[in-house]
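Chain letters run A, B, ... following the sequence lines, proteins first and then strands; every chain starts at 1. Only this structure's heavy atoms are used, side chains among them; waters, hydrogens and symmetry mates stay out.
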There are 2 protein chains.
Amino acid sequence: MGRGRAANYDDQREMILDRAAALFAQRGSAGTSMNQVAEACGLSKATLYHYYTDKDALVASIAQGHVARLQEIVREALALEGLTPDERMRHMIRQLVDEYANAQNAHRVLTEDVRFLQPEVRERVLDQEREVVAGFAQVIGTLRPDLKAAALSKPLTMLLFGMINWMFTWMRPEGPMDYDAMAPVVTDLFLGGLGAVQAPGAQPPS
Amino acid sequence: MGRGRAANYDDQREMILDRAAALFAQRGSAGTSMNQVAEACGLSKATLYHYYTDKDALVASIAQGHVARLQEIVREALALEGLTPDERMRHMIRQLVDEYANAQNAHRVLTEDVRFLQPEVRERVLDQEREVVAGFAQVIGTLRPDLKAAALSKPLTMLLFGMINWMFTWMRPEGPMDYDAMAPVVTDLFLGGLGAVQAPGAQPPS
DNA sequence: CCTACCGATCGGTAGG
DNA sequence: CCTACCGATCGGTAGG
């Protein structure tokens, strides 16, 4: 390869991210020492610090990689043509649940540890999250323009995210219900309920 | 008073619990040192340890006090007579949101830090939580017996809890929406959506 | 209710 | 002048 980074530099970075995410998801990032991360990676701590400047860099990279995939899902879903808003919403929820299921450790880090990052890094991750929320809110606004006018699109999006995020804290993958079975339940509940929500001080929709 | 605990022993315990809950909610229990707790209480670390044996005892007491109030809410709501299931559900959600709003720090500790407790203590808290969940699931089962038969009462309860729990992570009390305004939105969404959920492999209800 | 400490481990970095 | 690492240890602080 000549000069520059080793061929497996990026592979090492990814391996570290994976193992760190598993530890952080289990014990929390504050409850995990860099020694434990190094040990789980089969590296000395000095080598670990060669790849990532500090613990926050690990937390940030784990979260950013995950939320970047969520952004991609939303962008692709909004670009799909010939879908009714209802169909688009179903598609987006399904894709979201699939990504969460594929990245459970990263998802836990995103929802529980990002808030402890330095403001600057944290804001960058939150900006990514805002785009994801905005994508969902946009479709919800199409389904219920009156709720959008009442500034309820984003709160409703957050309620949807609450159901799904929380799902991944209480469901054990080996349990009687699996994510695949829950996705349509969540979708039916949310889309069905959306028709029943009343804008504050307004008449229910016809 | 003679022998025994000081007159203000219980007051001190409560004061400590309050300050500790505020710190734990802000930085996480793993990210908070007992020195910080002692300082926030205006006590030496040794005095703090006179009131609580260790950090886990603080976390457990904070969580147990909060979930005990949730249990009380559920018991009272189930004992109310002359309510339709729909009315009972609305009442329970409203009471739940009110208690969460009154105990936001304790609520954060319950949802984020209890999982790091030793199994024995954690199970005691989880048993309390299970009673709360069972109460909601019971009313949901009355509203949709077919979903209860499909073992969906508890998953649906967890989706409701997800919306509400998550609400308290993203809403700032000074924001445009407040908990009071969100409670009916959550209730409408959930009760409205409940009618749209299909039991897996079954026909939708008439 | 305090000062004075402990064994151990923390996150992070030195020289080579 | 660079990278990829190592064994050893830094100054401070953790829970108790």
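- The closest side-chain heavy-atom distance from A:Glu129 to A:Phe161 is not below 4.5 Å.
- In this model, the phosphate group of C:dC10 is approached by a side-chain N or O of A:Asn35 to a distance below 4.0 Å at OP1 or OP2.
- Atom-to-atom, CG of A:Asp54 to P of C:dC10 comes out at 16 Å; the value is rounded to the nearest Å.
- Checking the phosphate oxygens (OP1, OP2) of D:dA4, no side-chain nitrogen or oxygen of A:Thr47 falls inside 4.0 Å.
- At the heavy-atom level, A:Thr53 lies nowhere under 4.0 Å from the strands shown.
- Between the side chain of B:Arg69 and the backbone N or O of B:Glu99 there is no donor-acceptor pair closer than 3.5 Å.
- Nucleotides D:dG16 and C:dA4, compared at atom C1', are 13 Å apart to the nearest Å.
- Residues A:Gln36 and A:Ala46 both approach DNA chain C. Their nearest nucleotides, taken by heavy-atom distance, put A:Gln36 toward the 5′ side.
- Here D:dT3 presents its C1' atom at 14 Å from CG of A:Asp10, a figure rounded to the nearest Å.
- Atom-to-atom, CZ of B:Phe116 to P of D:dG15 comes out at 15 Å; the value is rounded to the nearest Å.
- Atom P of nucleotide D:dT13 and atom NZ of B:Lys45 are separated by 12 Å, given to the nearest angstrom.
- Protein atom CG of A:Asp56 is 15 Å distant from nucleotide atom C1' of C:dC10, rounded to whole Å.
- Rounded to whole Å, the separation between the C1' atoms of D:dA8 and C:dG12 comes to 13 Å.
- Residue A:Tyr49 places none of its side-chain N or O atoms closer than 4.0 Å to OP1 or OP2 of D:dC5.
- Geometrically, A:Arg108 does not engage A:Phe168 in a cation-pi contact defined by less than 6.0 Å to the ring centre and at most 45° from the axis.
- Which of D:dT3, C:dC10, C:dC1 sits closest to the side chain of A:Tyr9 comes down to D:dT3.
- Which of D:dC5, C:dG12, C:dC2 sits closest to the side chain of B:Ser44 comes down to C:dC2.
- Taking CE of A:Met158 as the reference point, atom CE of B:Met171 lies at 11.0 Å (rounded to 0.5 Å).
- For A:His50, counting side-chain heavy atoms from C-beta on, the closest listed nucleotide (C:dC1, D:dG16, D:dA4) is D:dA4.
- Listed nucleotides: D:dG15, C:dG11, D:dG16. Nearest to the side chain of B:Lys55: D:dG15.
- Backbone-only contact: A:Tyr51 has heavy atoms under 4.0 Å from sugar-phosphate atoms and none from a base.
- Looking at A:Arg94, its side chain never comes within 3.5 Å of a backbone N or O of A:Thr187 through a donor-acceptor pair.
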